[in-house]
Amino acid sequence: MKTAAVPANDQIDVSTQSIRDSIRDAIVDRRLAPGTKLSEADVGALFNVSRTLVRGALQALAYEGLVSVEKNRGAFVAYPSPEEARQIFATRRLIEPGILREAAKHMGPSHLQHLRQLLMEEGRLMAERGQTARRAEIKASGDFHLMLASMTGNAVMQRFMDELVARSSLVIALYGQSAISSCGHQEHQGIVTAIESGDLDRACHLMIHHIDHIEADLDMRENKGSDLREAFKL
């Protein structure tokens with residue numbers, strides 16, 4: 001029996017998705033800084049694919065808000081404005097308590113165990129030094145919020161939360177001030193403890209406080225720049 005050939009369009013979709021995922025991971029992990037130019041030719045050479053495939057990947061990322069495409073200039077890692085950053089965290093404050101309550105309806109002992117295991121890994125990474133461990137810690141922090149969304153069983157909610165966490169990571173890369181974890185490990189522990197005790201009101205309160213804390217660590221003051229004399233103190 002012959003195996004059916006994979007249509008060319010399906011091959012393109014797989015390649016485009018792979019490129020999109022790789023670039024997205026680099027943005028979320030903060031290996032690509034806001035404002036970085038993403039030349040179709042350069043990206044194509046890195047992945048050994050055509051510019052057509054790269055263009056599809058960049059368009060998908062632009063739809064998510066992670067890449068901006070400018071006419072006659074090309075694609076860049078998005079550089080969110082302070083107002084956009086505030087809107088991202090305002091959105092998270094509105095929906096994450098609802099996600100938490102919905103997730104709690106479906107949680108059993110195994111789900112709580114998975115959350116505790118994630119917290120243990122997050123704590124382990126906090127004790128390690130180096131840029132690689134730091135990036136892994138940031139990813140684990142975001143994974144906590146994504147795991148709660150996955151426990152709702154709502155695929156649309158999961159995709160929406162995936163985008164919000166990714167865009168939050170971009171904002172933190174641009175405006176974050178402190179060297180501490182962008183998502184407080186102790187605050188995550190407090191949220192899980194409240195869920196385990198059945199106190200969802202407290203868990204939701206802690207979630208909002210947690211998001212407030214992340215936003216409070218951002219410096220989103222407008223910097224108008226200086227003229228040459230001021231810049232060099234002449």
Side-chain angles (χ1 to χ4, degrees), residues 18 21-34 66 77 88-89 92-93 95-97 99-104 106-153 157-200 202-219:
S18 176
D21 289 347
S22 294
I23 297 173
R24 189 183 192 281
D25 287 346
I27 292 172
V28 172
D29 292 348
R30 304 204 278 184
R31 287 178 277 126
L32 280 174
L66 296 179
V77 177
I88 288 167
F89 285 100
R92 290 186 63 171
R93 274 189 289 271
I95 73 164
E96 289 205 59
I99 287 175
L100 194 157
R101 288 185 183 279
E102 185 63 25
H106 304 277
M107 278 188 200
S110 64
H111 296 95
L112 290 167
Q113 183 181 4
H114 287 151
L115 284 171
R116 285 295 183 191
Q117 287 173 343
L118 185 60
L119 292 180
M120 286 177 62
E121 176 64 8
E122 188 180 322
R124 183 186 69 78
L125 290 166
M126 286 178 66
E128 293 188 6
R129 296 183 180 274
Q131 195 61 35
T132 300
R134 172 65 175 149
R135 286 199 298 263
E137 179 199 339
I138 292 167
K139 182 180 184 302
S141 295
D143 285 348
F144 173 81
H145 297 266
L146 296 178
M147 185 176 285
L148 284 174
S150 73
M151 290 176 180
T152 66
M157 188 67 73
Q158 290 177 56
R159 287 196 297 271
F160 187 43
M161 205 50 222
D162 196 42
E163 178 182 331
L164 276 176
V165 168
R167 295 178 73 174
S168 296
S169 181
L170 193 58
V171 167
I172 292 164
L174 185 57
Y175 297 111
Q177 297 183 88
S178 75
I180 63 171
S181 172
S182 57
C183 253
H185 176 62
Q186 290 183 340
E187 293 170 358
H188 286 167
Q189 289 181 317
I191 292 167
V192 173
T193 298
I195 294 172
E196 285 178 321
S197 67
D199 192 346
L200 294 185
R202 175 165 173 75
C204 290
H205 171 77
L206 289 173
M207 178 65 80
I208 292 173
H209 173 75
H210 175 50
I211 296 167
D212 286 343
H213 185 196
I214 301 170
E215 187 175 8
D217 187 54
L218 306 177
D219 183 357

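FYI, the numbering just counts along the sequence from 1.
- Judged as a salt bridge (charged side-chain N to carboxylate O under 4.0 Å, His left out), and not counting sequence neighbours, the contacts of D143 are K139.
- Rounded to the nearest 0.5 angstrom, L148 CG and M157 CE are separated by 12.0 Å.
- Put simply, OG on S150 and NE2 on H145 are 13.0 Å apart, with the number rounded to the nearest 0.5 Å.
- D219 meets the salt bridge (charged side-chain N to carboxylate O under 4.0 Å, His left out) test with R221; sequence neighbours excluded.
- Side chains of I27 and S169 form no contact here, defined as non-hydrogen atoms less than 4.5 Å apart.
- Scanning both residues, S197 and A194, for their nearest heavy atoms gives OG-O, 2.9 Å.
- The CG atom of L119 sits 13.0 Å away from atom NE2 of H114, with the distance rounded to the nearest 0.5 Å.
- Ring pair H188/F144 is parallel by interplanar angle, where below 30° counts as parallel and above 60° as perpendicular.
- Using a 4.0 Å cut-off between charged nitrogen and carboxylate oxygen, R93 and D212 count as a salt-bridge pair.
- H111 NE2: more than 12 foreign heavy atoms inside a 6.0 Å radius.
- Residues V77 and A33 come closest through the heavy atom pair CB-O, 3.4 Å.
- Using a 4.5 Å cut-off on side-chain heavy atoms (C-beta onward), L164 and I95 make contact.
- Note on E215 versus R92: no salt bridge recorded, every NZ/NE/NH1/NH2 to OD/OE distance being 4.0 Å or above.
- The closest side-chain heavy-atom distance from M161 to T152 is not below 4.5 Å.
- Within the model, atoms CD of Q113 and CE of M120 stand 10.0 Å from one another, a figure rounded to the nearest 0.5 Å.
- Side-chain atoms of M107 and L112, non-hydrogen and from C-beta on, do get closer than 4.5 Å to each other.
- Here the closest heavy-atom approach between residue I172 and residue L218 is recorded as CA-CD2, 4.0 Å.
- Once rounded to the nearest 0.5 Å, the distance linking CG of D162 with CZ of R24 reads 4.0 Å.
- Looking at R116 and T193, their side chains do bring a donor and an acceptor atom within 3.5 Å of each other.
- Judged by distance alone, with hydrogens and angles left aside, the side-chain atoms of S22 form a donor-acceptor pair with the main-chain N or O of S18 at under 3.5 Å.
- Other residues, nucleotides and ligands place no more than 12 heavy atoms under 6.0 Å from the CZ atom of R202.
- The minimum heavy-atom distance linking L200 with A104 is given by the pair CD2-CB, 3.7 Å.
- Residues L146 and Q158 are not in side-chain contact: their nearest non-hydrogen atoms beyond the backbone lie 4.5 Å or more apart.
- Of all the heavy atoms in I99 and A149, the pair that sits closest is CG2-CA, 3.7 Å.
- The minimum heavy-atom distance between A166 and V28, with the atom names listed, is CB-CG2, 3.7 Å.
- For the atom pair CD1 of I208 and NE2 of H213, the computed distance is 16.0 Å after rounding to the nearest 0.5 Å.
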